[in-house]
K.L.:
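Questions regarding the structure given below will be posed in turn.
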Amino acid sequence: MVFLSASGLGVFYVSNIETVPVSGRKRFNVFSPKYEAQMAKALYESTMQQFRGRILPVNHPYSRTVRRVMGRLIRVSGMEDLHWEVYVIKDDSQKNAFVIPGGKVFVFSGILPIADNDDGLAAVLSHEISHTIAHHAAERMSQMLLVVAALWAASLVLGGSGDSGLGRVLMDLVYLRPQSRMQEAEADYIGLMMLAQACYNPQEAPRLWQRMSAAETISPPQFLSTHPAHELRIENLEKW
């Protein structure tokens with residue numbers, strides 16, 4: 001029974017292998033872009049609710065700058081038809097940005113001094129756009145299916161005596177976090193290509209991470225992080 005189940009899972013896995021745009025990486029994904037965007041609606045609504053009162057108006061200088069750079073990048077993204085929206089959140093303590101599937105980009109004001117200029121800001125935004133181009137959210141949902149299947153298979157082999165809590169921790173450390181770091185590196189690569197195509201200076205991308213490294217005083221060990229170390233990102237960006 002276990003052999004038949006494993007065989008079925010293997011066929012299911014192989015039949016859902018696809019190629020990531022731009023990078024050409026092969027990956028497992030069972031969710032369509034449409035389903036990915038539908039699943040993200042609730043996250044978008046909760047995010048807007050969470051930061052209500054802190055999202056800067058569209059005529060604020062920060063918002064106008066971010067929208068201007070964003071517009072230039074979208075024109076070369078290959079996803080011009082997506083309903084893109086960009087929001088600047090007033091929080092100078094947060095040196096971060098993130099994207100929600102469906103083209104919803106959020107930028108914290110704290111990252112703007114790190115970006116320093118239009119080229120640096122383009123490096124931040126192109127990275128976030130790249131997560132949407134690569135449909136990384138759908139891939140992460142697909143990876144969770146694999147984790148559930150692996151834990152189920154392990155419970156069959158162990159006769160249901162395995163520690164599922166320990167199993168989840170191990171899967172997180174040895175599979176999910178490394179996969180997250182790989183996606184972040186891939187978004188760096190795709191974003192770098194987009195920078196050059198939009199006629200921004202790609203050499204500003206490693207400089208951005210040099211400034212980010214100088215601004216941060218504490219970083220978690222690499223194996224615990226969902227993102228590559230700053231030094232590795234700088235090295236890759238200079239190499240590509």
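One is the number of the first residue; the rest follow in order along the sequence. On a predicted model such as this, the values are computed, not experimentally measured, just so you know.
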K.L.:
Do the non-hydrogen side-chain atoms of Ile100 and Thr47 ever get within less than 4.5 Å of each other?
P.N.:
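Yes - at least one pair of side-chain heavy atoms lies under 4.5 Å apart.
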K.L.:
Compile the donor-acceptor pairs under 3.5 Å between side chains in residues 36-43 and protein atoms, sequence neighbours left out, one pair per line.
P.N.:
{"residue": "Glu36", "atom": "OE1", "partner": "His135", "partner atom": "ND1", "Å": "2.8"}
{"residue": "Glu36", "atom": "OE2", "partner": "Ala137", "partner atom": "N", "Å": "3.4"}
{"residue": "Glu36", "atom": "OE2", "partner": "Ala138", "partner atom": "N", "Å": "2.9"}

K.L.:
Could you please spell out the steps behind the side-chain contact (heavy atoms from CB on, under 4.5 Å) verdict for Met70 and Val105?
P.N.:
CA-CA 9 Å; Met70 184 80 174; Val105 178; 3.4 Å; yes
K.L.:
Taking only distance into account, with no hydrogens and no angle test, what donor-acceptor pairs under 3.5 Å do side-chain atoms of residues 189-203 form with protein atoms, sequence neighbours excluded?
P.N.:
{"residue": "Asn201", "atom": "OD1", "partner": "Gln203", "partner atom": "N", "Å": "3.0"}

K.L.:
Walk me through it: do His127 and Glu184 pass the test side-chain hydrogen bond (donor to acceptor under 3.5 Å, both in side chains)?
P.N.:
CA-CA 8 Å; His127 174 92; Glu184 293 297 329; 2.8 Å; yes
K.L.:
Could you pull out all residues at least two apart from Asp116 that satisfy salt bridge (charged side-chain N to carboxylate O under 4.0 Å, His left out)?
P.N.:
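Residues passing salt bridge (charged side-chain N to carboxylate O under 4.0 Å, His left out) with Asp116: none at all.
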K.L.:
Tell me whether Val66 shares a hydrophobic cluster with Val76, the cluster being built from Ile, Leu, Val, Met, Phe, Trp, Tyr side chains joined at under 4.5 Å.
P.N.:
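Yes; tracing contacts between hydrophobic side chains, which count when under 4.5 Å, links both residues.
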K.L.:
Hydrophobic clusters join Ile, Leu, Val, Met, Phe, Trp and Tyr when side-chain heavy atoms are under 4.5 Å apart, directly or via other members; which others share one with Val58?
P.N.:
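None; Val58 is a cluster of one.
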K.L.:
Show the numbers, then the answer: is there a side-chain contact (heavy atoms from CB on, under 4.5 Å) between Leu176 and Met144?
P.N.:
CA-CA 8 Å; Leu176 292 177; Met144 288 306 301; 3.7 Å; yes
K.L.:
Quick one: does any side-chain atom of Arg177 pair with a main-chain N or O of Phe223 as donor and acceptor, under 3.5 Å?
P.N.:
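Pair absent, no side-chain N/O of Arg177 close to backbone of Phe223.
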K.L.:
Applying ring pair (Phe, Tyr, Trp, His ring centres under 6.0 Å), can you list everything that pairs with Phe31, at least two apart in sequence or on another chain?
P.N.:
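Expected list: Tyr35.
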K.L.:
Output yes when a side-chain donor or acceptor of Trp84 lies under 3.5 Å from a complementary backbone atom of Met79, and no otherwise.
P.N.:
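Side chain of Trp84 to backbone of Met79: a pair is present.
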K.L.:
How long is the span from the CD atom in Glu45 to the CD atom in Gln50, to the nearest 0.5 Å?
P.N.:
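Between Glu45 CD and Gln50 CD, I get 14.0 Å after rounding to 0.5 Å.
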K.L.:
For Tyr62, give me all partners under ring pair (Phe, Tyr, Trp, His ring centres under 6.0 Å), at least two apart in sequence or on another chain.
P.N.:
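Listed in chain order: His60.
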K.L.:
Would Val124 and Ile111 count as a side-chain contact (heavy atoms from CB on, under 4.5 Å) here? Give the steps.
P.N.:
CA-CA 9 Å; Val124 173; Ile111 203 171; 3.9 Å; yes
K.L.:
Evaluate the side-chain proximity of Val20 to Glu186: yes if any heavy-atom separation is below 4.5 Å, no if none is.
P.N.:
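Yes, their side chains come closer than 4.5 Å.
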K.L.:
Look up atom CD in Gln179 and atom NE2 in His136, then write down how far apart they are to the nearest 0.5 Å.
P.N.:
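Between atom CD of Gln179 and atom NE2 of His136 there are 10.0 Å.
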K.L.:
In Å, rounded to the nearest 0.5 Å, how long is the span from CG of Leu73 to CG of Leu121?
P.N.:
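Between Leu73 CG and Leu121 CG, I get 8.5 Å after rounding to 0.5 Å.
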K.L.:
Give a yes or no answer on whether the side chain of Ser63 reaches the backbone of Pro57 with a donor-acceptor pair at less than 3.5 Å.
P.N.:
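Yes, because the side chain of Ser63 sits within donor-acceptor range (under 3.5 Å) of the backbone of Pro57.
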K.L.:
Under the salt bridge (charged side-chain N to carboxylate O under 4.0 Å, His left out) definition, can you give me all pairs with a residue in residues 197-222, not counting sequence neighbours?
P.N.:
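For residues 197-222, and leaving out neighbouring residues, the salt bridge (charged side-chain N to carboxylate O under 4.0 Å, His left out) pairs sorted by first residue read Glu204-Arg207, Glu204-Arg211.
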K.L.:
Would you say Lys104's side chain and Gly102's backbone share a donor-acceptor pair under 3.5 angstrom?
P.N.:
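Yes: the side chain of Lys104 pairs with the backbone of Gly102.
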K.L.:
What's the spacing between Glu231 CD and Gln210 CD if we round to 0.5 Å?
P.N.:
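Between Glu231 CD and Gln210 CD, I get 10.0 Å after rounding to 0.5 Å.
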K.L.:
Quick one: OG1 on Thr19 to CG on Asn29, what's the gap to the nearest 0.5 Å?
P.N.:
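It comes to 11.5 Å.
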K.L.:
When hydrophobic residues are tied together by side-chain contacts of less than 4.5 Å, even through go-betweens, does Met141 share a cluster with Ile17?
P.N.:
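Yes, because Met141 and Ile17 connect within a single hydrophobic cluster, where side-chain heavy atoms sit under 4.5 Å apart.
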K.L.:
Give the minimum heavy-atom separation between Ala150 and Met171, together with the two atoms involved.
P.N.:
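So the minimum-distance heavy-atom pair works out to CB-CE, 4.0 Å.
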K.L.:
Is the backbone N or O of Gly103 less than 3.5 Å from a side-chain atom of Thr132, with the two atoms forming a donor-acceptor pair by type?
P.N.:
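Looks like no, no N/O pair under 3.5 Å.
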K.L.:
Could you label the plane-to-plane angle of the Phe28 and Phe12 rings as parallel, tilted or perpendicular, counting under 30° as parallel and over 60° as perpendicular?
P.N.:
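Perpendicular: the ring planes of Phe28 and Phe12 meet at over 60°.
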K.L.:
Please name all residues satisfying salt bridge (charged side-chain N to carboxylate O under 4.0 Å, His left out) with Arg64, sequence neighbours left out, ordered by chain then number.
P.N.:
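With sequence neighbours excluded, Arg64 shows a salt bridge (charged side-chain N to carboxylate O under 4.0 Å, His left out) to no residue whatsoever.
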K.L.:
Hey, does the side chain of Ser225 reach the backbone of Gln222 with a donor-acceptor pair shorter than 3.5 angstrom?
P.N.:
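No: the side chain of Ser225 does not pair with the backbone of Gln222.
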K.L.:
What pairs meet the salt bridge (charged side-chain N to carboxylate O under 4.0 Å, His left out) rule with one or both residues in residues 90-102, with sequence neighbours excluded?
P.N.:
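Salt bridge (charged side-chain N to carboxylate O under 4.0 Å, His left out) check on residues 90-102 returns Arg54-Asp91, Lys90-Asp92.
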K.L.:
Is the ring pair Phe108/Phe51 parallel, tilted or perpendicular, if the boundaries are 30 and 60 degrees?
P.N.:
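Plane angle over 60°, so perpendicular.
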K.L.:
According to a 4.5 Å side-chain heavy-atom criterion applied to Ile, Leu, Val, Met, Phe, Trp and Tyr, with indirect links allowed, do Met48 and Phe98 form part of one hydrophobic cluster?
P.N.:
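Met48 clusters together with Phe98.
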K.L.:
If you define the side chain from C-beta out and look only at heavy atoms, does anything of Val147 sit under 4.5 Å from Arg168?
P.N.:
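Of all side-chain heavy-atom pairs linking Arg168 with Val147, none is under 4.5 Å.
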K.L.:
For the atom pair CG (Asn96) and CD1 (Ile114), what is the distance rounded to the nearest 0.5 Å?
P.N.:
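Interatomic distance, Asn96 CG to Ile114 CD1, rounded to 0.5 Å: 11.5 Å.
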K.L.:
Which residue pairs pass the salt bridge (charged side-chain N to carboxylate O under 4.0 Å, His left out) test when at least one of the two sits in residues 135-149, sequence neighbours left out?
P.N.:
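Salt bridge (charged side-chain N to carboxylate O under 4.0 Å, His left out) check on residues 135-149 returns Arg25-Glu139, Arg27-Glu139.
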K.L.:
Would you say that more than 12 heavy atoms from the other residues, nucleotides or ligands in this model lie under 6.0 Å from the NZ of Lys239, or not?
P.N.:
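More than 12 heavy atoms, drawn from other residues, nucleotides or ligands, come within 6.0 Å of this atom.
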K.L.:
Under the salt bridge (charged side-chain N to carboxylate O under 4.0 Å, His left out) test, which residues partner Arg72, sequence neighbours left out?
P.N.:
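Result, salt bridge (charged side-chain N to carboxylate O under 4.0 Å, His left out) vs Arg72: none returned.
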K.L.:
List in chain and number order the residues that pass side-chain hydrogen bond (donor to acceptor under 3.5 Å, both in side chains) with Arg68, two or more places apart in sequence or in another chain; answer none if no residue qualifies.
P.N.:
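Result, side-chain hydrogen bond (donor to acceptor under 3.5 Å, both in side chains) vs Arg68: Asp118.
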K.L.:
Look only at the side chain of Thr65 and the backbone of Pro61, and say whether a donor-acceptor pair between them is shorter than 3.5 Å.
P.N.:
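Yes: the side chain of Thr65 pairs with the backbone of Pro61.
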